[in-house]
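Quick notes on the structure that follows.
The figures that follow rest on heavy atoms only: side chains count, while hydrogens, waters and symmetry mates do not.
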Amino acid sequence: AALARDTTTVRIGQMVTCNNYRNPALLAKMASTVDVLSNGRLDFGIGAGWYEEEFNAYGYPFPDGPERLRMLDEALQIILAMWTEPYATFEGKYYQVRGAINEPKGAQKPHIPIWIGGGGEKVTLKLVAKYGDACNISGPDPELHRHKFQVLKGHCETIGRDYNDILKTSHSFVTLLEPGQDPEQATAKRRGKRSLEEYRQGTFVGTPSEVVDHYHDLIDAGVEYFVIYFRNDLTRPDTIRLFAQEVMPNLK
């Protein structure tokens, strides 16, 4: 929220807010305020949550996966109502609002973009088709992205949603190597006891030219937007500078 006032062009947001940590009506009001403060630069990321240890640490109940997804479904309906209706009313199993007022509703029209994190094929991607403006798939495998997008397209066709209206994004973990840098040594602290092969299952490891080729493969699979996390042992300005100079210009 503070960055919203100290920046003017970058889009802001969390990937992803855990639904169960806040009442959805309250969360909708908080998001509306941040969107106004930033002059319409908020991307609202939300998911059902998964990290049981964090739930326990803060004293939040940790329902099973299907129930968390049912709660997310109700929450998304409330959030959209808070952003688009004069008085939001919803009677669900988990959440209720009765004539709730939310002013201002946010700067973006028709409402703040909703990013739904996760790749669950039976429920999560169906929620994206029903309520989302963007999906977010995690992992370095282009074929996985291609498959998930096809599942999403099927859900869109079932409910009559235009698949092209949904932004297809990738949650990308990268260890960026300088030319000549040894990948075993560069990933040693991050990997811990895992082998380099095991580490590569969740994180792409490569030089700038290899990263460019990897992103082009993901683009060919349907990715339109990247959310990038650098998993170098230490994310120095040099790492970000190398990415900006050697990777980004070659993706245009």
Side-chain angles (χ1 to χ4, degrees), residues 1 3-4 11-38 40-52 54-55 58 60-85 88 90 92-97 100 102 105-139 148-149 151-152 155-156 159 161 165-172 224-229:
L3 286 172
R11 296 195 65 81
I12 58 176
Q14 270 187 299
M15 180 54 68
V16 295
T17 303
C18 178
N19 173 59
N20 292 63
Y21 294 175
R22 297 176 184 86
N23 176 280
L26 172 63
L27 184 58
K29 289 180 67 68
M30 294 166 65
S32 298
T33 300
V34 174
D35 195 50
V36 171
L37 288 172
S38 66
R41 289 183 286 121
L42 177 66
D43 287 322
F44 179 80
I46 191 166
W50 61 275
Y51 192 27
E52 184 175 4
E54 187 174 63
F55 278 78
Y58 290 101
Y60 298 123
F62 185 69
D64 62 23
E67 186 168 17
R68 295 199 307 278
L69 286 165
R70 289 192 292 270
M71 295 174 76
L72 178 61
D73 190 330
E74 289 192 8
L76 287 165
Q77 294 178 68
I78 288 175
I79 290 165
L80 279 169
M82 295 285 287
W83 289 346
T84 60
E85 298 175 10
F90 179 85
K93 177 179 178 181
Y94 304 103
Y95 306 114
Q96 300 82 35
V97 288
N102 180 33
K105 297 184 182 301
Q108 299 180 81
K109 304 301 178 187
H111 56 74
I112 301 163
I114 295 177
W115 292 44
I116 299 177
E121 298 180 12
K122 294 182 179 180
V123 180
T124 304
L125 292 178
K126 187 181 292 184
L127 293 178
V128 175
K130 290 169 67 177
Y131 310 117
D133 300 290
C135 67
N136 188 254
I137 307 300
S138 181
K148 297 294 185 181
F149 295 152
V151 172
L152 174 61
H155 288 313
C156 288
I159 67 171
R161 174 85 185 273
D165 286 345
I166 299 172
L167 184 66
K168 275 68 75 175
T169 81
S170 177
H171 202 70
S172 176
E224 300 169 327
Y225 189 107
F226 293 98
V227 179
I228 299 167
Y229 293 77

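- Counting heavy-atom neighbours within 6.0 Å of R11 CZ, excluding the residue itself, gives a total above 12.
- Contacts of E67 classified as side-chain contact (heavy atoms from CB on, under 4.5 Å), with partners at least two apart in sequence or in another chain: P63, D64, R70, M71, Y94.
- Put simply, the side chain of V16 does not reach to within 4.5 Å of the side chain of I46, judged on heavy atoms.
- Between D35 and L42 the shortest heavy-atom distance is OD1-N, 3.3 Å.
- With sequence neighbours left out, A88 forms a side-chain contact (heavy atoms from CB on, under 4.5 Å) with A81, M82, V97, A100.
- Residues satisfying the salt bridge (Lys or Arg N to Asp or Glu O under 4.0 Å) test with D73, not counting sequence neighbours, are K130.
- Using a 4.5 Å heavy-atom threshold, the side chains of I79 and H111 count as separate.
- Without hydrogens or angle criteria, S172 side chain to V227 main chain gives no donor-acceptor distance under 3.5 Å.
- Between the side chain of R68 and the backbone N or O of G49, at least one donor-acceptor pair lies under 3.5 Å.
- Atom CG of L152 and atom CD1 of I137 lie 7.5 Å apart (nearest 0.5 Å).
- From F149, atom CZ reaches atom OG of S170 across 7.0 Å, with rounding to the nearest 0.5 Å.
- Every residue meeting the side-chain contact (heavy atoms from CB on, under 4.5 Å) condition with Y21, not counting sequence neighbours, appears here in chain and number order: C18, E54, F55, Y60.
- Residue N23 holds its CG atom at 11.0 Å from CE of M30, rounded to the nearest 0.5 Å.
- Considering all non-hydrogen atoms of both residues, A4 and I12 come closest at CB-CD1, 3.5 Å.
- Atoms CG and CG, from N136 and L167 in turn, are 9.5 Å apart once rounded to the nearest 0.5 Å.
- Scanning both residues, I166 and C135, for their nearest heavy atoms gives CG2-N, 3.9 Å.
- No side-chain heavy atom of D133 sits less than 4.5 Å from a side-chain heavy atom of F44.
- Looking at residues two or more places apart in sequence or on another chain, you find a side-chain hydrogen bond (donor to acceptor under 3.5 Å, both in side chains) between Y95 and N19.
- A search for side-chain contact (heavy atoms from CB on, under 4.5 Å) contacts involving Q14 returns T17, not counting sequence neighbours.
- Residues passing the ring pair (Phe, Tyr, Trp, His ring centres under 6.0 Å) test with H155: none are found, sequence neighbours excluded.
- When all heavy atoms are compared, the tightest approach of P24 to I78 is CG-CD1, 4.1 Å.
- Here the side chain of R161 pairs a donor or acceptor atom with the backbone of A129 at under 3.5 angstrom.
- Residues passing the side-chain hydrogen bond (donor to acceptor under 3.5 Å, both in side chains) test with S38, sequence neighbours excluded: none.
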Contacts under 3.5 angstrom, residues 113-125 side chains, donor-acceptor by atom type, not counting sequence neighbours:
from : atom 1 : to   : atom 2 : distance (Å)
E121 : OE1    : H147 : NE2    : 3.4
E121 : OE2    : H147 : NE2    : 2.8
E121 : OE2    : K148 : NZ     : 3.1

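- The minimum heavy-atom distance linking A31 with W83 is given by the pair CB-CZ2, 3.8 Å.
- To the nearest 0.5 Å, the span separating NE2 on H171 from OH on Y225 amounts to 13.0 Å.
- When side chains are defined from C-beta on, E85 does not count as touching F90, because their heavy atoms never get closer than 4.5 Å.
- Listed by chain and residue number, T7 satisfy the side-chain hydrogen bond (donor to acceptor under 3.5 Å, both in side chains) test with R41 (two or more places apart in sequence, or in another chain).
- Every residue meeting the salt bridge (Lys or Arg N to Asp or Glu O under 4.0 Å) condition with K105, not counting sequence neighbours, appears here in chain and number order: E103.
- Considering OH of Y131 and CG of L72, their distance stands at 9.0 Å, rounded to 0.5 Å.
- Evaluation of the side-chain hydrogen bond (donor to acceptor under 3.5 Å, both in side chains) rule for Y51 yields E53 as partners, not counting sequence neighbours.
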